[in-house]
Undergrad: 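Encoded as structure tokens, here's the structure I'll be asking about.
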Amino acid sequence: MELATDACAPRQEPERFPPNGPVATDGAGRYSVAVPMRLTRLHRLLATPRLFGLCQLFGLRQLLAIRRLVAVRRAAALVVAVAAVGCSDSGAGSGGPADTSPPPNVVFIFVDDLGYGDLGVYGSAAVKTPNLDAMAESGVRFTQGYVGNSVCTPSRAVLLTGRQGTRQVLEGTLGGVYWPDSTTGMAPEQVTIADVVSDAGYKTALVGKWHLGHDPEFLPTAQGFDEFFGLPYSNDMDPLPLMEGETTIDSLEVAALAQTRLDSDTKQATLTGQYTDRAIRFIRESHEAERPFFLYYANNFPHTPLAASPTFAGTSPACEDIGATQGCGLFADVMAELDWSVGEILTELDTLGIDDNTLVVFTSDNGAWLLWGQDGGSNGPLREGKSSTFEGGYRVPMIAQWKGTYQQGTVEDAPVMMVDWMSTIAAETGAALPEGRTFDGLSLGPLLRGEGPRDPSREPFRMLYYRSDNETPGAYREGKWKYKAPVVMGESVYAVYDHDELLFDLDADPGEQDDLAAANPDIVSRLRDAMFAADAEAKSSRTP
């Protein structure tokens with residue numbers, strides 16, 4: 001069953017999502033920020049001038065005279081090798097696939113606020129995720145998969161552009177993210193994964209959450225996506241429009257201030273089912289049209305408020321019944337439905353006979369939101385969580401599967417970053433990265449095939465962690481060593497702690513419990529200097 005609109009005409013196959021009923025359209029027109037805004041939720045109220053530069057809030061959006069210039073389509077796409085230090089490799093010599101027909105499809109599943117300890121295969125005892133566990137057995141599971149930031153907006157920008165967050169100006173964010181009353185967004189001049197593969201002939205769709213600007217010039221349809229069905233920002237923001245392209249088709253309920261859950265009869269409880277149905281329809285239609293496709297499925301759960309459909313609500317053990325404090329009860333119900341959704345998509349790929357020609361990735365935008373206790377998930381052995389530059393904010397579950405091409409049942413301990421997926425997808429699809437632009441990732445093709453590291457010339461692994469404002473460098477990693485800059489008055493409203501300079505050996509101490517700074521002043525000094533140098537280099541190459 002699907003939305004009763006001309007653009008979403010019902011199809012004849014059986015209903016894919018749980019039987020909780022569709023959401024009816026309300027005939028509303030294009031979403032407008034002129035709609036009265038009610039600023040809800042505890043974290044919105046806590047965004048104080050003391051912790052964040054609220055001058056961002058008053059910055060005026062630069063008027064865009066033109067939309068982004070579309071990159072020239074290349075008849076024979078080659079991946080551009082970038083010679084500058086810190087730029088992405090293009091996949092040349094990366095062990096990418098030989099010319100084949102058809103080119104591989106890509107399904108990238110990006111969930112919201114899922115912690116490192118929130119999947120069965122990552123050690124959760126309470127959350128049951130059989131489909132994701134099976135996906136890990138059929139592919140590669142990373143133990144050190146890193147996001148681009150520990151809050152929504154910059155993390156998504158890093159994934160989609162393959163560029164470190166501060167290389168782009170995310171103008172007008174508050175606390176690092178866009179809000180319903182924001183009038184800015186990620187600049188249309190940015191080049192996304194969808195742009196790159198579109199130029200190589202792919203159909204593209206975003207199903208789920210966007211959170212990179214909700215005025216028409218910032219929506220997914222202006223950033224390389226042929227289709228968009230979902231939410232323009234987080235599911236705790238009010239008003240909450242469900243959108244089709246650039247048009248609002250429904251208005252969803254939002255929880256009251258600091259409330260973390262909704263009943264199973266609310267419209268939000270239908271979202272995972274609707275997303276699943278829409279994702280499957282896009283896959284089927286692309287296959288029938290004999291077009292390769294890129295599906296970016298960005299489910300807004302398990303970000304609070306939590307809501308599970310009647311089929312899943314109440315099916316997981318209550319936290320008090322199993323003596324757990326996180327990853328149980330309604331949270332586990334939501335995760336069970338997410339796992340079901342992934343299973344339905346994988347089953348569809350198998351049914352269509354294209355699972356051996358489809359790269360599927362599952363990961364999260366940042367670590368678990370510990371503020372909400374049992375409704376906020378778990379980061380397992382890692383310290384802190386969302387909005388922090390400790391490992392619990394940045395290190396997330398990450399699984400990649402391409403049957404018959406990538407390794408199967410492999411646990412990969414080498415660290416990788418979200419920026420790597422732009423270069424990886426370009427290399428694997430034969431799409432061309434645009435010239436004259438710095439990309440920070442490397443193709444993971446060799447690693448995923450078991451042929452070697454990301455790039456021996458780029459060892460040891462280096463990574464710059466930014467705080468949630470996407471401006472302030474908060475930590476720096478080189479090899480096993482991680483330097484963490486001192487914190488005064490908290491890293492964010494959700495990570496309220498102060499500390500001096502810290503140094504950790506992540507190989508021996510991934511939970512960051514043993515500070516080695518006092519015993520290693522030379523390493524602290526070297527990494528501190530490297531952090532500020534990397535920050536300066538990134539900001540020197542900024543684009544809108």
Undergrad: Quick check: does any side chain N or O of Glu217 sit under 3.5 Å from a backbone N or O of Ala222, one acting as donor and the other as acceptor?
TA: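 No; zero donor-acceptor contacts below 3.5 Å.
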
Undergrad: Please check if any side-chain donor atom of Ser341 sits under 3.5 Å from a side-chain acceptor atom of Thr276, or the reverse.
TA: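 Yes, side-chain donor-acceptor contact under 3.5 Å.
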
Undergrad: Using the side chain to side chain contact (heavy atoms under 4.5 Å, CB included) definition, which of the options Leu160, Val107, Val207, Thr192 pairs with Tyr296?
TA: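 With Tyr296 as partner, Leu160, Val107, Val207, Thr192 yield a single side chain to side chain contact (heavy atoms under 4.5 Å, CB included), made by Leu160.
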
Undergrad: Does the side-chain contact (heavy atoms from CB on, under 4.5 Å) test come out yes or no for Met422 and Arg163, once each step is laid out?
TA: CA-CA 9 Å; Met422 165 71 99; Arg163 291 162 59 80; over 6 Å; no

Undergrad: Considering all heavy atoms of both residues, which atom of Ala400 and which atom of Trp421 are nearest to each other, and what is their separation?
TA: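 Taking Ala400 first and Trp421 second, the nearest heavy atoms are CB-CH2, 3.8 Å.
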
Undergrad: Holding to salt bridge (Lys or Arg N to Asp or Glu O under 4.0 Å), I want the full list of residues that pass it with Arg156, two or more places apart in sequence or in another chain.
TA: Asp112, Asp365

Undergrad: Could you check Ser150 against Glu384 for side-chain contact (heavy atoms from CB on, under 4.5 Å), going step by step and ending with a plain yes or no?
TA: CA-CA 11 Å; Ser150 60; Glu384 290 295 334; over 6 Å; no

Undergrad: What is the distance from atom OG of Ser316 to atom CG of Asp321, rounded to the nearest 0.5 Å?
TA: 11.5 Å

Undergrad: State the CG-CD distance between Asp375 and Gln259, to the nearest 0.5 angstrom.
TA: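 Rounded to the nearest 0.5 Å, the CG-CD separation comes to 10.0 Å.
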
Undergrad: Taking Leu444's backbone N and O only, do any of them form a donor-acceptor pair with Thr424's side chain (distance below 3.5 Å, no angle check)?
TA: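 Checking the backbone N and O of Leu444 against the side chain of Thr424, a donor-acceptor pair under 3.5 Å is found.
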
Undergrad: When you check the side-chain N and O atoms of Asp226 and Ser198, is any donor under 3.5 Å from an acceptor?
TA: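 Judged by distance alone, the side chains do not pair up.
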
Undergrad: Would you please test Ser234 and Val177 for side-chain contact (heavy atoms from CB on, under 4.5 Å) and show each step?
TA: CA-CA 10 Å; Ser234 294; Val177 303; over 6 Å; no

Undergrad: Spell out, as yes or no, whether a donor-acceptor pair under 3.5 Å connects the side chain of Trp210 to the backbone of Phe218.
TA: yes

Undergrad: Under a 3.5 Å distance rule, please check whether Glu253 uses its side chain to pair with a backbone N or O of Leu262 as donor and acceptor.
TA: no

Undergrad: Taking atom CG of Asp333 and atom CG of Leu338, what is their separation to the nearest 0.5 Å?
TA: 11.5 Å

Undergrad: Can you find a pair of side-chain heavy atoms, one from Leu252 and one from Leu231, that are under 4.5 Å apart?
TA: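 Result yes, sub-4.5 Å side-chain heavy-atom pair found.
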
Undergrad: Taking C-beta and beyond as the side chain, do Leu114 and Met335 meet within less than 4.5 Å on heavy atoms?
TA: yes

Undergrad: Compare all side-chain heavy atoms of Thr129 with those of Val121 and state whether any distance is below 4.5 angstrom.
TA: no

Undergrad: Can you name the nearest heavy-atom pair linking Asn357 to Trp402, along with the distance?
TA: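 Taking Asn357 first and Trp402 second, the nearest heavy atoms are CA-NE1, 3.7 Å.
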
Undergrad: Between Thr260 and Gln374, is any pair of side-chain heavy atoms under 4.5 Å apart?
TA: no

Undergrad: About how many Å separate CG of Leu359 and OG1 of Thr429, when rounded to the nearest 0.5 Å?
TA: 9.5 Å

Undergrad: Got a second to check how far Asp277's CG is from Arg281's CZ, nearest 0.5 Å?
TA: 8.0 Å

Undergrad: Assert yes or no for the condition that the ring centre distance of Tyr116 to Tyr122 is strictly below 6.0 Å.
TA: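 Ring centres of Tyr122 and Tyr116 closer than 6.0 Å.
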
Undergrad: Might you point out which heavy atoms bring Asp440 and Met417 nearest each other, and give the distance in Å?
TA: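 Nearest pair, atom of Asp440 first, then Met417: O-CE, 4.3 Å.
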
Undergrad: For the residue pair Tyr394 and Asn149, what are the closest heavy atoms and their distance?
TA: OH-CA, 3.5 Å

Undergrad: Is Lys386 close to His303 at the side-chain level, that is, under 4.5 Å between some pair of heavy atoms?
TA: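 When only atoms from C-beta onward are counted, Lys386 and His303 do touch, with a gap below 4.5 Å.
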
Undergrad: Would you confirm whether Trp179, through its side chain, and Leu174, through its main-chain N or O, come within 3.5 Å as a donor-acceptor pair?
TA: yes

Undergrad: Between Asp355 and Lys403 (salt bridge meaning N to carboxylate O under 4.0 Å), is one present in this structure?
TA: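 Judged by the 4.0 Å cut-off on N to carboxylate O distance, Asp355 and Lys403 do form a salt bridge.
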
Undergrad: Tell me, do Asn235 and Leu240 make a side-chain contact under 4.5 Å, heavy atoms counted?
TA: yes

Undergrad: Given side chains that start at C-beta, do those of Phe229 and Pro220 come closer than 4.5 Å, heavy atoms only?
TA: no

Undergrad: Okay, side chain of Thr363, backbone of Pro397: is any donor-acceptor separation there less than 3.5 Å?
TA: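 Present.
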
Undergrad: So, the side chain of Thr153 versus the backbone of His211: is there a donor-acceptor pair under 3.5 Å, distance only?
TA: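 At least one qualifying donor-acceptor pair exists.
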
Undergrad: Locate the shortest heavy-atom distance separating Asn379 from Gly385; write the atom from each residue and the value.
TA: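 Between these two residues, the closest heavy atoms are ND2-CA, 3.3 Å.
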
Undergrad: Would you confirm whether Asn366, through its side chain, and Gly393, through its main-chain N or O, come within 3.5 Å as a donor-acceptor pair?
TA: no

Undergrad: State plainly whether the residues Asp339 and Lys128 are in salt-bridge range, i.e. N to O under 4.0 Å.
TA: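 Salt bridge: no.
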
Undergrad: Within the distance-only criterion (no hydrogens, no angle test), does the side chain of Glu412 pair as donor or acceptor with the backbone N or O of Arg141 below 3.5 angstrom?
TA: no

Undergrad: Can a donor-acceptor pair be found between the side chains of Thr358 and Asn105 at a distance below 3.5 Å?
TA: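 Judged by distance alone, the side chains do pair up.
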
Undergrad: Applying disulfide bond (SG atoms under 2.5 Å apart), which residue pairs with at least one partner in residues 202-259 are found, sequence neighbours left out?
TA: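 Qualifying pairs, neighbours excluded: none.
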
Undergrad: Once you round to the nearest 0.5 Å, how far does CG of Leu447 lie from CD of Gln407?
TA: 7.5 Å

Undergrad: Ring centroid separation for Tyr178 and His214, is it under 6.0 angstrom?
TA: no

Undergrad: Report yes if the side chains of Thr325 and Ser378 come closer than 4.5 Å at any heavy-atom pair, otherwise no.
TA: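 Side-chain contact under 4.5 Å: no.
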
Undergrad: Does any N or O in the side chain of Thr204 come within less than 3.5 Å of the main-chain N or O of Gly224, such that one atom is a donor and the other an acceptor?
TA: yes

Undergrad: Begin with the C-alpha distance, continue with both residues' side-chain angles, and end with the deciding distance and a verdict on side-chain contact (heavy atoms from CB on, under 4.5 Å) for Leu170 and Met186.
TA: CA-CA 6 Å; Leu170 296 172; Met186 185 175 74; 4.1 Å; yes

Undergrad: Looking only at heavy atoms, what is the nearest atom pair of Gly441 and Asp420, with distance?
TA: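 Minimum heavy-atom contact is CA-OD1, 3.2 Å.
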
